[in-house]
Amino acid sequence: QTEIQWWHAMTGANNDVVNKLAADFNASQKEYKVVATYKGSYPDALNAGIAAFRAGNAPHILQVFEVGTATMMAAKGAIKPVQEMMKEAGENFDPKSYLPAITGYYSTAKGDMLSFPFNSSSMVMWVNRDALKKANIAEIPKTWPEVFEAGKKLKAAGWDKCGFTAAWSPWALVEQFSAWHNVPMGTKANGLDGFDTEMKFNSPLHVKLLTDLVNLQKDKTYDYSGRGNENEGRFTSGECPIMLTSSGFYGNVKANAKFDFAAAPMPYYPDAPGAPQNSIIGGASLWVMGGKSAAEYKGVAKFFTFLSDTDRQAKLHIESGYLPITKAAYDKVKASGFYKDFPDRETPIKELTNKEPTENSRGLRFGNMVQIRDMISEELENALAGKKSPQQALDDAVSRSNATLRQFERTAGR
Amino acid sequence: MDRRTVFNNRLLPYLLLAPQLAVTLVFFYWPASQAAWMSFRLEDAFGLTTEFVGLENFQVLLRDPSYYGAMVNTVVFSGSVAFLSLSLALLLAVMADKQIRGATAYRTLLVWPYAVAPAIAGVFWLFMFQPSLGMIGRTLRGMGVDWNPLLNGGDAMLLVILAATWKQISYNFLFFLAGLQSIPKSLIEAAAIDGARPTRRFWTIVFPMLSPTTFFLLVVNIVYVFFDTFGIIDAITRGGPAKATETLVYKVYNDGRLGGDLGGSAAQSVILMAIVIALTAIQFRYVEKKVTY
Amino acid sequence: MAVVTLQNVRKVYAGDIEAVKGVSLDIPDGHLCVLVGPSGCGKSTLLRMVAGLETITSGSVAIGGREVNEVEPADRDIAMVFQNYALYPHMSVYDNIAYGLRNRRTPKDEIDRRVQEAARILAIEPFLNRKPRALSGGQRQRVAMGRAIVRKPQVFLFDEPLSNLDAKLRVQMRVEIKKLQRALGVTSIYVTHDQVEAMTLSDKLVVMNAGRVEQVGAPSEVYRRPATRFVATFIGSPPMNLLDGVVEGEGRVRVDGAVLDVSDMRAGLQPGHLVEVGIRPEDLEIVGSASNSVSLPIDFVEELGATQLFYGALGGQPFVVQAGTGVVPADAKSLGLRIAAERIHVFDRESGQRLGRVAETAAA
Amino acid sequence: MAVVTLQNVRKVYAGDIEAVKGVSLDIPDGHLCVLVGPSGCGKSTLLRMVAGLETITSGSVAIGGREVNEVEPADRDIAMVFQNYALYPHMSVYDNIAYGLRNRRTPKDEIDRRVQEAARILAIEPFLNRKPRALSGGQRQRVAMGRAIVRKPQVFLFDEPLSNLDAKLRVQMRVEIKKLQRALGVTSIYVTHDQVEAMTLSDKLVVMNAGRVEQVGAPSEVYRRPATRFVATFIGSPPMNLLDGVVEGEGRVRVDGAVLDVSDMRAGLQPGHLVEVGIRPEDLEIVGSASNSVSLPIDFVEELGATQLFYGALGGQPFVVQAGTGVVPADAKSLGLRIAAERIHVFDRESGQRLGRVAETAAA
Amino acid sequence: MVERRHWFSDMLPHLILTIGVGILAFPVWLAVVGSTWDAGTIANGTMPLYPGPYAVENYTRALGHGGRSSGEPVGMLMLNSFVMALAIALGKIAISMISAYAVVYFRFPFRMAAFWLIFITLMLPVEVRIYPTYQVVAQVGLLDTYAGLAVPLIASATATLLFRQFFMTIPPELVEASKIDGAGPLKFFKDTVLPLSITTMAALFVIQFIYGWNQYLWPLLITTRPDMQTIVVGIKKLLVTQDALTEWQIAMTTAVLAMLPPVLVVLVMQKLFVRGLVETEK
Ligand SMILES: Nc1ncnc2c1ncn2[C@@H]1O[C@H](COP(=O)(O)OP(=O)(O)OP(=O)(O)O)[C@@H](O)[C@H]1O
Ligand SMILES: Nc1ncnc2c1ncn2[C@@H]1O[C@H](COP(=O)(O)OP(=O)(O)OP(=O)(O)O)[C@@H](O)[C@H]1O
Ligand SMILES: O=P(O)(O)OC[C@H](O)CO
Ligand SMILES: [Mg+2]
Ligand SMILES: [Mg+2]
């Protein structure tokens, strides 16, 4: 039996899903055994994968979150392009069967798909309906000003520790925010058109959002909840009634929240031209590491085929809140009437397909983006803690990011 | 003068030394030289391409404000932990050294945190001080204190300092107790006859007599804060918010993470090693001197 | 300077160890009183009670007429020299000596004057700036003395102050201490387990054993008329020979077949009373091999230079004779010994008490 | 049992410390030779070269006629008793004694026989199963002896074996060692810095100083006719008094105004030759205050029991007189002293060599 | 000593020590309490100061299945920790003892050089050169092995220095007596040095066992397989940082379990441990 190592970063309810997938695959055949290993957070998993590769000990499959894409793409010798592998293994693989936003994100300029889409998400705004009701907020807020307003009402209604918050701050407040408002995060179509990009997320609109948040942070109408999972905990425990995070959070909200909740579209500034545009995908894809034997790749390919099964994808979507990544699966769920019963479960897909993507909303592909996220987080923290003005913080984030981009450019093997 | 009688075999001593030397060479000197080598190079994350860049990594490092930030953090952190844990431990040791009932029981109850892993100590303190679910964190907020280690660097620093201090008190306590107990009773008695009251005895006799112990502990505490607290920081703050709790060692780890800046990380390793070797040398000289004390 | 008076002083340590079992003692002003006895007999305990370093279980200690049982050491106006000197290792010699004065807020120049004077007396002026670790044993000893004398206390206490020195230095320092004590005239209590030190130093010698005082007296008195068998063997080296004997009659004791005349013997002892007869090795007269002499076969001779020790046995009990070198021919196989009646000590075999004449003992 | 011969033995330690500067010595079979001298004079070094624990820089050491310079300690057939006994703390007394035999693969029952015998001789049978830490100092000393004798070696080596014992025990063990050595008849070398031990134990006394032998001889001989000023002051306690003097003429020396007759004085010394005159404290005759006597003002008296020491100064140099107790009245302020001509030692003031008559010295 | 006494000065030490004991114990008490409540109580911040009814459930789950995300039973993690700690403790004692023996009881060319080579590593823990060391371990193929967990950490000068110091306190006369008694270096080591070192070894064992058990960063990096992970690392994995909630009750259960062995070792072997500690460092 050939063992196939699969390193991932799925926690909580999603972790159960991953383990179940592996178990099901292993039960479905005898030749291969997929061993799923939780390696910590997305950056931890990526870090473990890189370290293991350098040590000659890489797993077969590595789950890498979307912002690690550039790093992986640049590592030509380290990865095995999925499309190529599927072909060699004789497995059926059609990039076109995936939602276009997804295919675009993980393919080269030439259209070769390098990684296997697995758990794609989008950012949504989770709301605690019970709380809104208590605070006499009839409608789920749609725009940022409405969110601010709602936050204030909630505060007045007793949610004085936190009106609203956002997990994955750089993702929510910079990356998705840029796309949703059709402003560039960086040049060159956010890096999709080449590594010689520069960051642009210190635009007036970006500064405006941060300035608003900084002001609201003072009385905790908005309350920053760190880079970890405090956000999620505060939402499910009812402490924070509004929170921006991934649609993939669904499984965990469902398991833990004791109130009526919903996933609403991300808020936008109504005065921003074109807003809302469309969101970009989040989540992660599966990368196949290089240097393995043909037999092993065959197993990996078989596993991927197993994962692409339409029924399985549909089920995945329903259970986890991640997107149905193939068109077939989407259609199937739609046809089943699921979205009629649970309209907010379609929210992320609607966000993604809200408008035809522009240069600013097709996706992101910045080198060392994982480190850049840390820099953005740090500068956001500086601003929210009052140590720097919002403008200053974003300027610094931009210039630090640019330095990192330059370094990446130097080392990226191209 | 070394008046030790020795055996005069030729080969045997080398054989006896071989395992330790082998392990040291393979797992210390080789990596150390690798670090030195890497500090002159620029590499991509996966180590696929590499380039010799001379001193560039060091230059970048020395121009990087966050490196100095980490230095300041390290100094604040180690200084506070050393001061707090030393003074609290000394207080406890002086109390436990008194001829009181239950002294051994107190000692037992004070030594065990030594055995708690730093990472686990970190988890304990996180659990207590987490702002939204931690018992103390919530209490503080309930009392109107704006306790927010997730955003407020000072709070975060305070938290890791407290956790590290908590972990270190036992150790210092043991040494102070041993130090106190090794002060000849007759010195205290002589001072009493010389007319010194307990407080004066403490400051003029006991405390100066403890100074070798104190100095030793200072060095050890600094090293402890340098390295062993990695687990505490990683568990509680991961260096955040906004690098407020990033110490030199955490930075070595963090910068090398994701293969992002292995050269820079290696350059930091090299500098750190130099610092620690200097510390060792200082301590060694001091220890040598102490032998004759 | 003061009289020190101990009345029925007892010390029971935790764990019911009765270290001192009721000691009464008067030390006249200016006298040097030596406590001597085997290890563990309670000498240090007694001294430390006078110092205030141990609490007094019962009885009373008075210094200069004032009962000090509850007075802290600092307020007893005493100074003490410890066996290990207890110098403060982190202070210079000067500071060591000055420390006690500083604690008493003596003016600076007064301190300086007194320290310099003490240093001069003890010839340690060149070392005033050194730390104790840079001094030899003898120098440390002097510093400890300096620390004691600089305070001009009412009482000096010494706990085996010389036992960490080597033999030569010990003899020298012993003479110096005696001179200094004489010169300063401070009442002193001195603890030692070395009987030579005890003999040579004391004005008043107190022999202790197992927590009790066995004998108190001038050293020569104790040597000449030991009150108990214990004192007899403890004081004097080589120790007094002891032979089992039986009272024959008034002033006569039978030992190993021979009958000895004893001049110092209590009246009224019944014939047949079991005694021990003590004779100091140097108190024997060596006679060729005259009649009325005892013959001691020589097992073994030790050469001491000025004198020689002859080891043998009398009546199955070991017996030593000391004689000036040259008195006995080198090839002698036995000694003829005569013993003057007044040099014979008699002890009760059971109680160990001296059986000397009552009147004379009382006079001592 | 064997003769031990040292020929011009030298030891230079790393760092150019010449610890032993050429020593030649013959120790006849069965003799006990004591090396005595001040600390650091090279006694231990010399002994350890015989033991094979130090290499020999030059010269030769022979045991029983065989040169052993290159022989391992284990193969020299020696046994050694150390100052701290060097008992194996983790082994029982039995195992300590048996260890050397076991390493030599002696049969089990033979080992047992020998250990039991040694234990019997030393009266340590009851302790055979104890660990050394459960023994008193004296008992440990015996075990160390047991370890030495059980092997029946050709030579015993002792390095200050008694100096860790207290005074009483030391005297007792010293006698026992002497008896044992006599009984076993094993050639022995014994190192000590205690001159009493040296005097009492040795058949042959070797006084060392600064890496050289100062004098070799029978102990009484060394005491009576010290070859150098060093030996004169080192052997004897209290040490010999030394006074500066000047040769007046044949057999006469002027000291502090007075002229002394000296019977043992080398011929041919020029008048005016600077000398030192040595007189042992016990060699002075005390005369009331007759004419032709020197008067010594008494500074200070020490009571030793049998004798008294009178401290004073002659011609500015300290001077001690020892006299039997009672010879001098208690209230005497000075002593009249007479010195027999044959009791006076004369040393060259510069070289420290004895200036005794050549013929007689050679005969010693 | 005769001293004036006052009820307050008599009570003060007890007061201060009790507060000290309380402060040291409090975090652990909370953890113990935390291990006996359910996720919801903790997550809502309503956990009381006394233990709850979920102890059995939490401990069974931790020992049996482990946390949700890591899914490794604590028992297995503890076994790994135990093996690692044991290997480090024994390995360190073995190699440093013989190397100290060489340095103390022999004179040979490059002796001081060897000593310094070892000594320099005194205070340089693996954290400072973490990546290169990882690389080296990978190159020699020791990732995911017990050897990889333990061997790089047994190269430490502290133990060597301790043994050196201890050997120097063995009276030189014992060597000499042994030589005269016909024992060579190996025999001397076996017959005398080894038995005399037993308490030192035991003391050192306690300290090194704790050191090994408490390792964090090293096992975190060099183990990739879940079944090679150690318990301290296992806890870190329970502290989820994204998307899901931390299962604090399991994390606390695991933390309490992870803390137990070394704390027990310290408490049971207190005397040895204190002795060893004070001697190692001085
Ligand atoms: N603090 C203490 N607790 C219990 N017993 C003690 C204490 N100090 C001394 N002792 C016991 O009291 C007795 C007398 O001890 P002390 O020190 O007075 O003897 P010493 O005559 O000074 O002996 P040495 O000559 O050995 O100094 C001994 O049996 C000793 O063991
Ligand atoms: N291993 C050594 N290395 C260097 N010098 C040494 C060594 N051993 C001894 N010495 C020096 O050699 C001299 C003689 O030393 P040795 O031990 O033989 O003296 P000793 O007469 O036995 O003295 P003590 O009575 O103190 O034991 C001393 O100056 C000593 O310092
Ligand atoms: O929470 P996920 O899995 O949807 O991922 C969120 C972000 O895309 C991570 O970069
Ligand atoms: Mg005492
Ligand atoms: Mg010696």
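Residue numbers begin at 1 in each chain, while the letters A, B, ... track the order of the sequences.
The two residues N214(E) and Y114(B) have their closest heavy-atom pair at ND2-O, 4.4 Å. Across L133(B) and A43(E), no two heavy atoms sit closer than the pair CB-O, 3.9 Å. Residue G184(E) comes nearest to F7(B) through the heavy atom pair C-CE2, 3.9 Å, listed as atom of the first residue, atom of the second, then distance. The minimum heavy-atom distance linking N44(E) with R138(B) is given by the pair O-NH1, 3.3 Å. Closest of all the heavy-atom pairs between W112(B) and A25(E) is CZ2-CA, 3.8 Å.
Both the backbone and the side chain of V26(B) have a heavy atom closer than 4.5 Å to some heavy atom of chain E. Contact annotation for Y216(E): only side-chain heavy atoms (C-beta onward) come within less than 4.5 Å of a heavy atom of chain B. For chain E, the nearby part of M135(B) is the side chain; its heavy atoms alone come within less than 4.5 Å. For V249(B), the part sitting under 4.5 Å from any heavy atom of chain E is the side chain, from C-beta outward, and nothing else. Only the side chain of Y29(B) comes within contact range of chain E, judged by heavy atoms closer than 4.5 Å. Of the two parts of V103(E), only the side chain, counted from C-beta on, holds a non-hydrogen atom closer than 4.5 Å to a non-hydrogen atom of chain B. In this structure, chain B has a heavy atom under 4.5 Å from the side chain of L220(E), while its backbone stays farther away. Only the side chain of L12(B) comes within contact range of chain E, with at least one heavy atom under 4.5 Å from a heavy atom of that chain. In this structure, no portion of T246(E) lies under 4.5 Å from any heavy atom of chain B. Only the backbone of P48(E) comes within contact range of chain B, with at least one heavy atom under 4.5 Å from a heavy atom of that chain. Within the 4.5 angstrom heavy-atom criterion, no atom of M97(E) approaches chain B. Using a 4.5 Å cut-off between heavy atoms, F226(B) makes no contact with chain E at all. Residue S265(B) touches chain E through its side chain alone, counting heavy-atom pairs closer than 4.5 Å. Of the atoms belonging to I136(B), it is side-chain heavy atoms, and not backbone ones, that fall under 4.5 Å from chain E. Looking at K92(E), neither its backbone nor its side chain comes within 4.5 Å of chain B, counting heavy atoms on both sides. In this structure, chain B has heavy atoms under 4.5 Å from both the backbone and the side chain of I42(E). There is no contact between Y134(E) and chain B, counting heavy-atom distances below 4.5 Å. Both the backbone and the side chain of V263(E) come within less than 4.5 Å of a heavy atom in chain B. With a 4.5 angstrom heavy-atom cutoff, L239(E) touches chain B only via side-chain atoms. Heavy atoms closer than 4.5 Å to chain B are found in both the backbone and the side chain of W116(E). Neither the backbone nor the side chain of L174(E) has a heavy atom closer than 4.5 Å to any heavy atom of chain B.
With hydrogens and angles left out, the side-chain atoms of Q20(B) and T160(E) include a donor and acceptor closer than 3.5 Å.
Of the residues considered (L117(E), T133(E), V137(E)), L117(E) shows the highest number of contacts with chain B, using heavy-atom pairs under 4.5 Å. Contacts with chain B were tallied for L17(E), T254(E), V265(E), V140(E); L17(E) has the most, counting heavy-atom pairs under 4.5 Å. In terms of non-hydrogen atom pairs under 4.5 Å with chain E, the most contact-rich of V270(B), L126(B), L17(B) is L17(B). Taking R238(B), K167(B), Q268(B) one by one and counting their heavy-atom pairs under 4.5 Å with chain E, the maximum is reached by R238(B).
A donor-acceptor contact shorter than 3.5 Å links the side chain of W166(B) to the backbone of L24(E). Remark: the backbone N or O of P185(E) is not paired with any side-chain donor or acceptor of N9(B) at under 3.5 angstrom.
Inter-residue side-chain proximity for V6(B) and Y105(E) is flagged as unmet; no heavy-atom pair is nearer than 4.5 Å. Contact check for P13(B) versus F110(E): no side-chain heavy atoms found under the 4.5 Å cut-off. The side-chain heavy atoms of M38(B) and Q135(E), taken from C-beta on, include no pair separated by under 4.5 Å. Taking the side chain as every heavy atom from C-beta outward, Y14(B) and R111(E) never approach each other to under 4.5 Å.
Aromatic ring orientation, Y131(E) versus Y253(B): parallel (interplanar angle below 30°, classes split at 30° and 60°).
Counting non-hydrogen atoms of neighbouring residues, nucleotides and ligands closer than 6.0 angstrom, the NZ atom of K185(B) reaches no more than 12 such neighbours.
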